[in-house]
Engineer: 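Here it is, the structure, as structure tokens.
Predicted, not measured: the structure shown is a model, and the values here were computed from it. Index from 1, following the sequence.
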Amino acid sequence: MFVLLDGFGGPEVPFDLLQRIAGSHHSSEVMVTFQPSFLVRFAEKNEHHRARGDAFFGGSDWHDVFRRPPSTKGAYLHDQYRATLQRAGFQYTLAFEMIDEAGHLLYLIFGTRHERGVEKMKEASWAVDTTSGIRYRDPRTPTSRPSTLSSNRTPARCTASCSTTSTRPRRV
């Protein structure tokens, strides 16, 4: 079962929903959209927004973002959310970083319980980008910054190099 959870970029997907999806079927997979700028801009000073972030991340560990330098906050939240997906039951994650023509950052974070899901998602990324398999650009703006796909788990059958983002997936 594949579930796309689009909270329009904000922290709209509660952690307990991720847990229910992960536990509902052995082949459950999710793709969650996440725009970290909302939490970076509003959550530190607004208790209601901070509570929404807590529900999204399944706790308050992400609050450390408020002590981080501004240039690292988006990446920090990205890493925290990938850990959130793992705590929910998705052992493998891939993150697609997308930046639109206005410079707005949006993460598409994929979670799966099986290494085959990672392999298939990596194959799809290679089909889109035959050069490196990890870069995405807004096609309307050829000068926009490239975006990156990254994996945080090495599937059991892969060598250590399989977990790097630039390694072409093997055909099984």
Side-chain angles (χ1 to χ4, degrees), residues 1-36 39 53-62 64-65 72-99 105-139 145-172:
M1 167 174 60
F2 177 82
V3 180
L4 174 64
L5 300 166
D6 184 0
F8 297 103
E12 301 294 333
V13 178
F15 178 73
D16 64 331
L17 175 60
L18 293 173
Q19 289 179 307
R20 288 194 314 265
I21 293 169
S24 68
H25 195 270
H26 70 280
S27 63
S28 296
E29 299 177 328
V30 294
M31 179 77 76
V32 182
T33 62
F34 173 44
Q35 191 170 22
L39 291 174
D54 291 350
F56 183 71
F57 285 98
S60 62
D61 290 347
W62 69 276
D64 192 44
V65 73
T72 66
K73 289 182 178 194
Y76 177 79
L77 290 175
H78 158 275
D79 293 343
Q80 290 295 305
Y81 198 68
R82 289 178 73 181
T84 294
L85 284 177
Q86 288 184 328
R87 281 194 337 272
F90 298 101
Q91 292 90 340
Y92 305 100
T93 66
L94 295 172
F96 302 82
E97 180 184 271
M98 298 176 61
I99 300 173
L105 174 64
L106 176 72
Y107 290 116
L108 303 176
I109 303 178
F110 173 72
T112 184
R113 298 177 62 199
H114 295 280
E115 81 176 63
R116 186 83 169 137
V118 173
E119 292 169 2
K120 289 298 183 182
M121 189 59 76
K122 283 186 176 184
E123 285 176 14
S125 72
W126 279 102
V128 172
D129 177 8
T130 59
T131 304
S132 63
I134 60 172
R135 304 263 177 227
Y136 294 87
R137 248 180 235 273
D138 184 329
R145 190 176 125 215
S147 300
T148 303
L149 166 109
S150 58
S151 172
N152 70 335
R153 289 284 303 258
T154 303
R157 293 192 328 241
C158 292
T159 64
S161 65
C162 185
S163 67
T164 63
T165 59
S166 61
T167 303
R168 184 178 287 277
R170 294 181 305 196
R171 298 259 180 220
V172 177

Engineer: Just how far is it from atom CD1 of Ile109 to atom CZ of Phe90, taken to the nearest 0.5 Å?
Structural biologist: 12.5 Å
Engineer: Working to the nearest 0.5 Å, report the span between CD of Gln19 and CG of Leu85.
Structural biologist: 11.0 Å
Engineer: Who pairs with Phe15 by ring pair (Phe, Tyr, Trp, His ring centres under 6.0 Å), at least two apart in sequence or on another chain?
Structural biologist: none
Engineer: Keeping Thr84 on the side-chain end and Gln80 on the backbone end, is there a donor-acceptor pair under 3.5 Å?
Structural biologist: yes
Engineer: With a 4.5 Å heavy-atom cut-off, do Phe34 and Leu105 have their side chains touching?
Structural biologist: no
Engineer: Taking C-beta and beyond as the side chain, do His114 and His26 meet within less than 4.5 Å on heavy atoms?
Structural biologist: yes
Engineer: Atom NZ of Lys120 and atom CG of Leu94: how far apart are they, to the nearest 0.5 Å?
Structural biologist: 14.0 Å
Engineer: So, the side chain of Arg82 versus the backbone of Thr93: is there a donor-acceptor pair under 3.5 Å, distance only?
Structural biologist: yes
Engineer: Between Phe57 and Tyr81, does the ring centre distance come in under 6.0 Å?
Structural biologist: yes
Engineer: Can you tell if the side chain of Met121 reaches within under 4.5 Å of the side chain of Met31, non-hydrogen atoms only?
Structural biologist: yes
Engineer: With heavy-atom distances below 4.5 Å as the criterion, would you say the side chains of Pro11 and Leu39 are in contact?
Structural biologist: yes
Engineer: Taking the six-membered ring for Trp, are the ring centroids of Tyr92 and Phe110 within less than 6.0 Å of each other?
Structural biologist: no
Engineer: Are Tyr107 and Pro36 close enough that some pair of their side-chain heavy atoms sits under 4.5 Å apart?
Structural biologist: yes
Engineer: Name all pairs fulfilling the salt bridge (charged side-chain N to carboxylate O under 4.0 Å, His left out) condition that reach into residues 16-26, sequence neighbours left out, sorted by first residue then second.
Structural biologist: Asp16-Arg20
Engineer: With a 4.0 Å cut-off on N to O distance, would you call Glu119 and Lys122 a salt bridge?
Structural biologist: no
Engineer: At their closest point, which heavy atom of Gly89 faces which heavy atom of Arg113, and how far apart are they?
Structural biologist: O-CG, 3.3 Å
Engineer: Of Leu18, Leu17, Leu108, which is the lone residue that meets side-chain contact (heavy atoms from CB on, under 4.5 Å) with Val32?
Structural biologist: Leu18
Engineer: Tell me if a side-chain donor or acceptor on His25 pairs with a main-chain N or O of Ser27 at a distance below 3.5 Å.
Structural biologist: yes
Engineer: Roughly how far, to the nearest 0.5 Å, is CG of Leu5 from CD of Glu12?
Structural biologist: 11.5 Å
Engineer: Can any side-chain N or O of Glu29 pair as donor or acceptor with the backbone N or O of Gly111 at less than 3.5 Å?
Structural biologist: no
Engineer: Taking atom CG of Asp54 and atom CG of Asp61, what is their separation to the nearest 0.5 Å?
Structural biologist: 9.5 Å
Engineer: Nearest 0.5 Å, what's the CG-OG1 distance between Asp6 and Thr33?
Structural biologist: 3.5 Å
